[in-house]
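Read the structure below first, then the notes.
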Amino acid sequence: QKEVEQNSGPLSVPEGAIASLNCTYSDRGSQSFFWYRQYSGKSPELIMSIYSNGDKEDGRFTAQLNKASQYVSLLIRDSQPSDSATYLCAVSIAGGGADGLTFGKGTHLIIQP
Amino acid sequence: DTGVSQNPRHKITKRGQNVTFRCDPISEHNRLYWYRQTLGQGPEFLTYFQNEAQLEKSRLLSDRFSAERPKGSFSTLEIQRTEQGDSAMYLCASSFGGQPRTGELFFGEGSRLTVL
């Protein structure tokens, strides 16, 4: 049983600060890791993907992966009120296997103006 | 390209009725996924297709659920004899077939089902 765990929040962060979102996963065979953002009433939108240990930066977003600890995180710098959303962590097993993503329940992030 | 399109966006039905949802993926994507999402939960994988072949089905997909992708383009998800527990948002997504980008999903706006 593959599991992806996230703190459901809400996580409240003042505008301009760094928001840190965390995720752990149970399956050591997981190879691909994703962060999706979901605004209330909308569908998920991919914001970051990471496939190897270390950091990956894209604008204000940084994804961090530590496969030994089975841990992936997302940092949002200079948080804006428009970043307020639910952030879903998702993992999959690569290598061509027949597998859909396994999502966590998401962390609800609130950026306070 | 208009992205992933789903219809109907909302469906209200009575328990025991059948419903069908349609998904039109991004044209150059050969993988198509169906997920179900309820309030406060992440999307749950139901099934996926590579071209017209249905390659995996979750155990969540009971015998009342069936999905098709007859020509490798659009897909339909049918729920027979609906139950109140089927009430959820049904999300369709598509992606490229090449690893590792298969997890880079592009979601449609979803079809919300309410079973009375």
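What you see below is based on every heavy atom in this structure, not just the backbone, and it leaves out hydrogens, waters and symmetry mates.
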Please indicate whether [X] has more than 12 foreign heavy atoms, meaning atoms of other residues, nucleotides or ligands, lying under 6.0 Å from its [atom1].
X	atom1	answer
A/Arg60	CZ	yes
B/Gln80	CD	yes
A/Lys105	NZ	no

Between A/Leu46 and B/Leu105, does a side-chain contact (heavy atoms from CB on, under 4.5 Å) hold up when you go through it step by step?
CA-CA 7 Å; A/Leu46 177 69; B/Leu105 302 185; over 6 Å; no
Which bit of B/Gln50 comes within less than 4.5 Å of chain A, counting heavy atoms only: side chain, backbone, both or neither?
neither
So what's closer than 4.5 Å to chain B heavy atoms on A/Gln38: side chain, backbone, both or neither?
side chain
Tell me the ring pair (Phe, Tyr, Trp, His ring centres under 6.0 Å) pairs involving residues 8-28 of chain A, sequence neighbours left out?
A/Tyr25-A/Phe33
With hydrophobic residues grouped by side-chain heavy-atom distances under 4.5 Å, do [X] and [Y] end up in a single group?
X	Y	result
A/Leu75	A/Leu109	no
A/Val13	A/Phe61	yes
A/Tyr87	A/Ile110	no
B/Tyr33	B/Phe74	no

Which atom of B/Leu91 lies closest to which atom of A/Pro44, heavy atoms considered:
CD1-CD, 4.0 Å
Assert top hit (heavy-atom pairs under 4.5 Å, partner chain A, pool B/Ser58, B/Pro43, B/Ala93) equals B/Pro43
Who else is in B/Leu39's hydrophobic cluster (ILVMFWY, side-chain heavy atoms under 4.5 Å, direct or via others)?
none
Could you name the residues of residues 108-116 of chain B that have a heavy atom within less than 4.5 Å of a heavy atom in chain A?
B/Gly108, B/Glu109
Measuring from atom [atom1] of [X] to atom [atom2] of [Y], what distance do you get when rounded to the nearest 0.5 angstrom?
X	Y	atom1	atom2	result
B/Gln6	A/Ser43	CD	OG	8.0 Å
B/Gln41	A/Thr86	CD	OG1	11.5 Å
A/Lys42	B/Met89	NZ	CE	9.5 Å

Taking it one step at a time, do B/Tyr35 and A/Leu101 satisfy side-chain contact (heavy atoms from CB on, under 4.5 Å)?
CA-CA 10 Å; B/Tyr35 283 81; A/Leu101 288 183; 3.4 Å; yes
By salt bridge (charged side-chain N to carboxylate O under 4.0 Å, His left out), which residues pair with B/Arg9, not counting sequence neighbours?
none
Centroid-centroid under 6.0 Å between B/Phe45 and A/Phe103 rings:
no
